[in-house]
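Residue numbers start at 1 and run along the sequence shown. Side chains are part of it too, since the values below use all heavy atoms of this structure and drop only hydrogens, waters and symmetry mates.
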Amino acid sequence: MVMSGLGCAIAVAVAKQIVSKLFVGGEYAAAEVTLQWRYREQVLEMGEKMKDIEAVLGDADERSRRGGEAGRVFQRWLMKFKRVAYDVEDVLDELDADELISNTQSKASLWFSRNNQLLQRMTMPHKMKKVMKKIDQIKKEGSRDLKLVPHEARGEGSRSNETLAANWTAHGMETGMVGRGIEKEKIISLLLTSEEANQDISIIPVVGLGGIGKTTLAESVLADKRVSVFDISIWVNVSMQFDLHKIGSVILKRMMDNLDNCDLQFHLKKELATRRYLIVLDNLWEEDGNNLERLKEMLQHGRKGSRVIVTTRNLCVVQQLRTGFLANQRKISPVPASDIINLGVLEPAECWELMKQRAFGPDDDHSSLEEIGQQIAAKCGGLPLVANALGQVMSELRTVAAWEHIRDTKVDLGLREGHQKETLERLMMSYYHMKLEFRMCFTYLATFPKGFVMYDNHLIQQWNALGYINSRHDGQRCINYLLGMSFLQIPGSASASPSPLHCKSPPELVMHDLVHDLASEIVADEFIDLDATKSTSWNRPNYYRHAQLTNFNNDPAVFKYVPDKLRSLHFRDLGGLQLPKKAFAQSKYIRVLDLSGHSSKGQSAPSSMTLPSSVNQLKLLRYLDATGLPITSLPKYFHALQNMETLIMSNSLLETLPDSICCLSKLCYLDLSGSSSLSKLPASLGELSQLFFLNLSGCSILQELPDSICELTCLHHLNMSDCCALQKLPDKFGGLHKLSFLNLSSCSKLTKLPDNISFPCLEHLNLSSCHELENLPIDFAYIQKLESVNLSGCYKVSMLPGSFCQLNHLKYLDVSDCHNLEKLPEYFGHLIELEYLNLTSCPKLRQLPESLCKLSKLRRLYLSYCLRLRELPSSFGDLQLQILHMNGLLYMYDCPDSIGDMTSLTQFVIDIATSRLRKKIPAIVKRLNLVGTVRHHVHEIESRGCNSIVDLWGLTCSELILEGLQNVTHPEDADRVKLRDKSDIRVLKLLWESEGGKSVLDRLVPPRTLENFSLVGFMSKDFPNWLFHISSYLPFLSELALDGLEACDCLPPFGAVPNLRMLSLKNIPNIRKIGKEFYGEGGPCMKLRVLQLELMENLVEWWTTESSKENKEFLIPNLHLLLVVDCPKLKFLPYPPRSMHWGLSNSETVWPERGFGMLSSSIHPFEMVLKNCSFCQDKWDSLQHFPTLENFYVYSISGLRTLPEVMRCFTSLTRLWLLSLNDLEILPEWLGQFTSLEKLFIGDCPSLTSLPESIQSLPALKLLDIAQCPSLIARCQGEDAHKISHIPEVQFGH
């Protein structure tokens, strides 16, 4: 059988859509308006006739594929039927819309509008009669002239109704790549090969036919862990329309958040100059040498070793890239011809392997279909795209008869001979056998330009607005189905894995160009591309239903030429220009209006604009997207758009929403994100009874929500992230019973959640960075479907309620940086589905519950910087962890040996630990058989004329210690190590023992994935350039230590490193001042938890705010440990950072003389250690700023005869150590005021002879330990024994 022509191919799907609405029970037949206006009989009659026509469509469809003139007769009939079906839908939608409007507007306003009901009642019967006549005519022509007969539909096989994309996982779309292993390894080798001395940036071309797998191969390379050595990876869909500005914008957007009115070339040069990049230019068609030279000029600014992968169908593109000034100068040019990746077609057996991945599950028996499947595979032409598409449809039709039908289908599209003709005809087989319900959804994708990134939510809403689907669930099924066919793809730019909060579907989607060509061929008679510069030459037949308008230059005349039966209109390159008032006066059938297209030419947008008043006339409008337009208010009669379902006004200038918007009874999707001027929502918001999606993220001045929001009984998705002025939620907020997604992250002023929380459907809850939130809901029993909870940065949350352990579906829990979290619930082990637990930087957490060890599905556990965590549960080794982080546990001296029995463990991080604990680690690591530490002392190899460092090029390890780097006499030897490419290295220590350093360090750029870096004995005054851009080079760095840098007098901006948690500076004598330049442009060091300063004898000042003004925020706001040793001149200005733990030795000037000012902080000092300090009385008075201290150590302080009076402010003191105080003679009677004191240690205080009487008034005291105080011990064992008789435990040491 032969198929010819495509325009009629969608007719069957159109018929199914219309008939389902017309027939009894459909939305038209059941509508109140058909009863009220007495059209029910006509509608039912229309339905019967359309049903009769639908019955013969199968026959017409099959006969249309016979080719020749006979086939074209049936094609024309199908075309005419399709247009009649659309007209039927338009008339009935219009009838429904008129009734909706009449119910919401006053009679007076209706009388003077084009929605006058008397006029409608006069004209509608004529429209009904006219469309009925068309139906009769098409039916008569089919039965009488064409002799069409009912045709039995083919079954859709035996697979279940679920149409999930088989290869979509939480880690992205697995390519299922077959037959390209050699090519992939070759590309990775070219990427990682150390750059040639005479060439800066290499271009790696991947050349092959359309559909051959070039994009899939590039995606596979980008997803490979080995390429993480690049500072940044960027994917650009270039496509046929070459636009240099667009390419530059995509690249820059990956490096900068805000591109508004920025100088593209300047910022590209600035951002690329500090990075070793990997850029993929996918589908490059451009052959013009001048344009390609401009492209290379734009990309030339990357660091040496940057790489560009280009996928193209045309070898001429590669040849042109090899020409020009920059290529001849070896600045940026393609690799040698022998290294070009030329992709050939796959063998039939490889195509069959791809098809089997799609068609069958791992345990399916496919022996009966094997032979037919191999025969179909032979028809794929060796193209993976075709094999994937056919494999997906075959998975839905798993019968011998169905597969034989696919095998025997022949397609003739009537195209010119060539590869594209053959490929499209092969793809058309997949379309022909596609699920009928998804065909219109697929062909609609032709309305988007090639390479366009589509958002899944927006796409589903547009499908719904056009009537192609009945629910969001259907839309998600369709997306997954098309992903399975490879008719939709995940863009390469989405290389980062989705977070566990968003792992159900990909948010961004693109189409392969060939698939776009197929969709465009199918809807060639329905879709038109309107170039506004050529409006007078537009072909304007009324059968066009979809259009995109480009190059609009503010000429109102172009709208006279827009086809009047359009259902969707997309503006591209609008550029913020004001549309004329009557822009849509002739477009009354529009259902989808997309105004979000913005200029790619860099024009500046006007300060404000309005929607044209003619929008109010679009009574069938269901979807409006005005993203990014500077709209300050909505038109007066906007509420007349009663069919509106989706309204997207993100990044607008709206200040308020009119109350009348709540009259839009069908509105179900409202996006106001980024509306930073929006201060108020309508009080009657709850009247939007169908609303299921509400996005208010980034509405930064919105202070409250209307109480009526609690009446949105259909609300599923609510995003209020970054509503930083929001202070409270309505009392009945917890009654949103259908809510499944709630994001309140960075609502930094929110202090509490409503008491009665009942979210029985809630699956994802994000409360991260709600800094002021103190209490969680007491009863989690009503939120039992939760799968992911993010509480990171909830500084004031002190406990998880016991009911939290009833969340037996919870998989992901992040409570990192919860500064006040003291314990986990006893029954934490009841969270049986938990896979991910992050407790990083919970400094008050003392222990883990024993029940945690029962979490059999827990795979990732992060405990780093839990400073007070002293031990792990005894059965800790029972866990089946894959990743365990235990860095910076400064009070843990031991750990269970059973950790060494965790055979599942692939990553064990414990670089910073107590000396006792570190002694155990090597044995544990050895038992785990993990890649360990390599220590190498660099030396000269005289026989080879080089240094031993060159032998490290093939090294694999997790920790590398390079000693004796002063012995690298030939700096180029350091290049040969290829340190930048060693992504397995997490910990790197570089040590010098004498002069030299900069030229070597310049070449020892660490891998981008490095987490811990130590620089010891570096003797140069100046640092290499990469250290001054360390935040770009080492974005994942969490620990940084500098020691013995004797020549250094200025530090790079280490404070800008985004993930830095520990900073240690030791013995850098020439550093005198650390100012705001230390913080770079990154703002506060939000994650810095440990700051250690030692032997910084000339460091005089360290600025902790941008200026001395009281209203400035701390630049080190969340410090947990401040340790300052032998820094006798140091002052923090204007105030020291608040820290939970203080350790001062011979550094008394660090104390806050004026406290901490008015700067707010969630950090409260908990522990202080004073050693070898000399304080006058005024200095002791500074202790008044530490009233929250619980532990206080006083060690080797001279001149202290009694405890300073100011200590009386320590009302929470639980432990007191008095050690080596030679001058201490007496303890004050007010010591008895420490009613919380539990432990008192006194050691080596020879002048102290007695305890105060008030020690008997310490009700909480459980332990008294006295050592090396002979007079005091004698007194306590003799005449003062009665003073301590009430203490449960007393210890004396000699």
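We find that Asp87 and Arg545 are joined by a salt bridge, their nearest charged nitrogen and carboxylate oxygen being less than 4.0 Å apart. Lys49 has no carboxylate O lying under 4.0 Å from a charged side-chain N of Asp52, or vice versa, which leaves the two without a salt bridge. A salt bridge is defined here as a Lys NZ or Arg NE, NH1 or NH2 lying under 4.0 Å from an Asp or Glu carboxylate O, and Lys147 with Asp59 fails to meet this definition. With respect to Glu89 and Arg567, a salt bridge is recorded, a charged nitrogen being found less than 4.0 Å from a carboxylate O. Taking 4.0 Å as the cut-off between side-chain N and carboxylate O, Glu48 and Lys51 do not count as a salt-bridged pair.
Two residues are said to be in side-chain contact when any heavy atoms from C-beta on lie closer than 4.5 Å; Ile138 and Trp77 meet this criterion. Looking at heavy atoms from C-beta onward, Cys441 lies out of side-chain contact with Tyr444 at the 4.5 angstrom threshold. Two residues are said to be in side-chain contact when any heavy atoms from C-beta on lie closer than 4.5 Å; Ser395 and Phe360 fail this criterion. The shortest distance between side-chain heavy atoms of Ile341 and Leu217 falls below 4.5 Å. Using a 4.5 Å heavy-atom threshold, the side chains of Val393 and Tyr481 count as touching. Under the 4.5 Å side-chain criterion, counting only non-hydrogen atoms from C-beta, Leu222 is in contact with Val280. Within the 4.5 Å cutoff, the side chain of Ile309 has no heavy atoms near those of the Ile203 side chain. Residues Trp463 and Ile479 are in side-chain contact: their nearest non-hydrogen atoms beyond the backbone lie under 4.5 Å apart.
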Begin with the C-alpha distance, continue with both residues' side-chain angles, and end with the deciding distance and a verdict on side-chain contact (heavy atoms from CB on, under 4.5 Å) for Val227 and Val221. CA-CA 8 Å; Val227 305; Val221 168; 4.2 Å; yes
Checking Phe442 against Phe487 for the ring pair (Phe, Tyr, Trp, His ring centres under 6.0 Å) test, could you report, in this order, the C-alpha distance in whole Å, the side-chain angles of both residues, the deciding distance, and whether it holds? CA-CA 8 Å; Phe442 166 66; Phe487 275 18; 4.8 Å; yes
Start with the C-alpha distance between Asp339 and Lys186, add both sets of side-chain angles, then the distance that settles side-chain contact (heavy atoms from CB on, under 4.5 Å), and finish with yes or no. CA-CA 8 Å; Asp339 286 331; Lys186 183 176 180 180; 3.9 Å; yes
Please step through side-chain contact (heavy atoms from CB on, under 4.5 Å) for the pair Arg180 and Glu183, ending with a clear verdict. CA-CA 5 Å; Arg180 304 297 190 203; Glu183 290 87 349; 4.1 Å; yes
What do the steps show when you test Leu148 against Arg63 for side-chain contact (heavy atoms from CB on, under 4.5 Å), and what is the final call? CA-CA 9 Å; Leu148 296 175; Arg63 292 161 76 176; 3.7 Å; yes
Asp525 vs Arg83, salt bridge (Lys or Arg N to Asp or Glu O under 4.0 Å): CA-CA, chis, key distance, verdict: CA-CA 10 Å; Asp525 66 319; Arg83 291 165 189 168; 3.5 Å; yes
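For the side-chain contact (heavy atoms from CB on, under 4.5 Å) test, no residue two or more places apart in sequence or in another chain qualifies with Ala223. Residues passing the salt bridge (Lys or Arg N to Asp or Glu O under 4.0 Å) test with Lys225, sequence neighbours excluded: Asp984. In terms of the salt bridge (Lys or Arg N to Asp or Glu O under 4.0 Å) criterion, residue partners of Asp224 (sequence neighbours excluded) are, by chain and number, Lys184, Arg226.
Rounded to the nearest 0.5 Å, atoms CD1 (Ile187) and OG (Ser189) are 10.5 Å apart. One finds the CG atom of Asn470 at 9.5 Å from the CD atom of Glu437 (value rounded to the nearest 0.5 Å). Separating the CG atom in Leu191 from the OG atom in Ser202 is a distance of 9.5 Å, to the nearest 0.5 Å. Rounding to the nearest 0.5 Å gives a distance of 9.5 Å between CD of Gln462 and CG of Leu445. Distance CG/Asp517 to NZ/Lys450: 3.5 Å, rounded to 0.5 Å. Considering CZ of Phe527 and OG of Ser568, their distance stands at 8.0 Å, rounded to 0.5 Å.
Contact detail for Val250 and Ile234: the closest heavy-atom pair is O-CG2, 4.5 Å. Closest non-hydrogen pair, Ile247 versus Phe242, comes out as CD1-CE1, 3.7 Å. The minimum heavy-atom distance linking Ala378 with Pro348 is given by the pair CA-CB, 4.3 Å. Nearest heavy atoms, His516 versus Pro449: NE2-C, 3.9 Å. Considering every non-hydrogen atom in both Leu346 and Cys351, the closest pair reads CB-SG, 4.0 Å. Asn237 and Gly451 make their closest contact through CB-O, 3.8 Å (heavy atoms, listed as atom of the first residue, atom of the second, distance).
With hydrogens and angles ignored, the 3.5 Å screen pairs a side-chain donor or acceptor of Arg322 with a backbone N or O of Val335. A donor-acceptor distance shorter than 3.5 angstrom exists from the side chain of Trp403 to the backbone of Met394, with no hydrogens or angles considered. A donor-acceptor pair under 3.5 Å links the side-chain atoms of Arg307 to the main chain of Leu190, judged by distance alone. Counting only distance, with no hydrogens or angles, the side chain of Lys214 and the backbone of Val206 share no donor-acceptor pair below 3.5 Å. Between the side chain of Ser143 and the main chain of Lys139, a donor-acceptor pair closer than 3.5 Å is present. Listed for the Thr312 side chain is no donor-acceptor partner under 3.5 Å among the backbone atoms of Val207.
In summary, the side chains of Thr215 and Asp282 do present a donor paired with an acceptor at a separation below 3.5 Å, with no hydrogens or angles considered. Side-chain contact of Gln357 with Glu353: a donor-acceptor pair under 3.5 Å is absent, judged by distance alone. Using a 3.5 Å distance cut-off with no hydrogens or angles, the side chains of Arg407 and Gln375 do pair a donor with an acceptor. Side-chain contact, Glu370 with Trp352: a donor N or O sits under 3.5 Å from an acceptor N or O. Between the side chains of Gln461 and Arg472, a donor-acceptor pair is found at a separation under 3.5 Å.
Ring centroids of His570 and Phe448 are separated by less than 6.0 Å, placing the two rings close together.
Taking the six-membered ring where tryptophan is involved, the planes of Tyr468 and His546 are perpendicular, since the angle between them exceeds 60° and thus also 30°.
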